[in-house]
Amino acid sequence: MNLLSVNAGSSSLKFTLIEMPAQNVIASGLFEKIGLAGSFYTIKYNGEKYTREVEMVDHSVAVKVLMEELINLNIISSLSEIEGVGHRIVHGGQEFTSSVILTEDVLNRIAKYNDLAPLHNPANIMGVKAFMKALPNSIQVGVFDTSFHTSMAETEYLYPVPYEWYEKYQVRKYGFHGTSHRFINKTISEYLKRDDLKVISCHIGNGGSLAAINSGKVVDTSMGFTPLAGIMMGTRSGDVDASILEYMNKKTGKSLEELTNELNKKSGLLGVSGISSDSRDIETAAAEGNERAILAQEIYAQKIANYIAMYNNILGGADVICLTAGVGENSKIMRKMIIERVSSLGIKLDETKNDFRGEFRLISTEDSKIPVYVVPTNEELMIAMDTMDLASQSE
Ligand code: AMP
């Protein structure tokens, strides 16, 4: 069956058309500046890239254009060939513990969590509604970033703050990147042929989070109430003392909103280096001796290493560490810097094995206490797998 894996943002829509269960990517693309001047899209198919500028006032128009193009480019011959659409949905609160078939009623329940992810959930829902209209006979499935983390216990997800913050306002750790961590856990568990693995999954991309997973269940994860928490990231600070906000508000007159925005968009690698949020630029600058770039790399690696050590403790000793996403899959320098900082756990990198990018590989030495693998993530495929499973259950 052909399935679409979709990620709708406020002004964008990313799609992958996948033939399942063969896991064959037929086409993919990105619609940008939806609802803005100069909207355009790119579709990749058969090794060719098609880019066109078309006025797209909203997501419904973008989806209509996508459907027309899939037929015009002979990617499919009729819309009935798309049997299902899987949608990335950022926040499912405590309620959505796994992927679900989307109906109007379920969408209303998801909308209850819009306040928890105001930049993402309303856009995700807009995308779903556009596909419901364009493909009324296809199954629509919601796959949540938060679901995989709903197995965490109170001891992990509660913040030590007044209890009513949680009771009245749902302030707790939710965690994100759940679809990626679930894919990593599934891939490594299948590869090692074990379903009782204790895994430290490290998703290190522009955004980044770690998850401690025991026998397929998340025990703890580093992002929190929002994706701002945890390790240092490309532009996010990760964990900082919350009192900084009041202090900076008094010192600079900037509002809480402005300062939170700076923690999200102007901090992390970008904030410390003053150069870029992209670890490739930081690596180039560090190689040229730029001190702030070197400092940014060192803080970055140390924060990740500290979480690995903490999660090894929470798991009572991990069986395997997996590195994934843009930096984890591609940067041998950052991998080395991180692994060097957990040497007290007996974890050892094999530098010859580490000299590559973008593939599934073991990068630790034979005598490393915990094996370290690079495992490329594939959230689009995980979404398609869930969509296929729910489609076959509903038949
Ligand atoms: P992601 O958010 O998973 O797409 O990761 C994006 C980040 O991966 C970029 O911002 C880069 O910092 C990083 N990245 C991608 N390719 C490389 C590479 N070859 N070397 C170092 N970092 C890379």
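Being a predicted model, the structure only gives us computed values, none of them experimental. Counting starts at 1 for both ligands and their atoms, in listed order.
- Proximity of Ser209 to His149: side-chain heavy atoms (C-beta onward) are nowhere separated by under 4.5 Å.
- Scored by the salt bridge (charged side-chain N to carboxylate O under 4.0 Å, His left out) test, Lys198 finds no partners at all (sequence neighbours excluded).
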Stepwise, does the side-chain contact (heavy atoms from CB on, under 4.5 Å) test hold for Leu73 with Glu48?
CA-CA 11 Å; Leu73 294 169; Glu48 304 265 350; over 6 Å; no
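- Applying the 6.0 Å contact sphere to NZ of Lys217 captures no more than 12 heavy atoms from other residues, nucleotides or ligands.
- In this structure, Glu379 does not pair ionically with Arg88, as no charged nitrogen and carboxylate oxygen lie closer than 4.0 Å.
- Ion pair Glu351/Lys336 flagged as a salt bridge, since at least one NZ, NE, NH1 or NH2 atom sits closer than 4.0 Å to an Asp/Glu carboxylate oxygen.
- Around ligand 1, the residues contributing at least one heavy atom under 4.0 Å from the ligand are Gly205, Asn206, Asp278, Ser279, Arg280, Glu283, Ala325, Gly326, Val327, Asn330, Ser331, Arg357.
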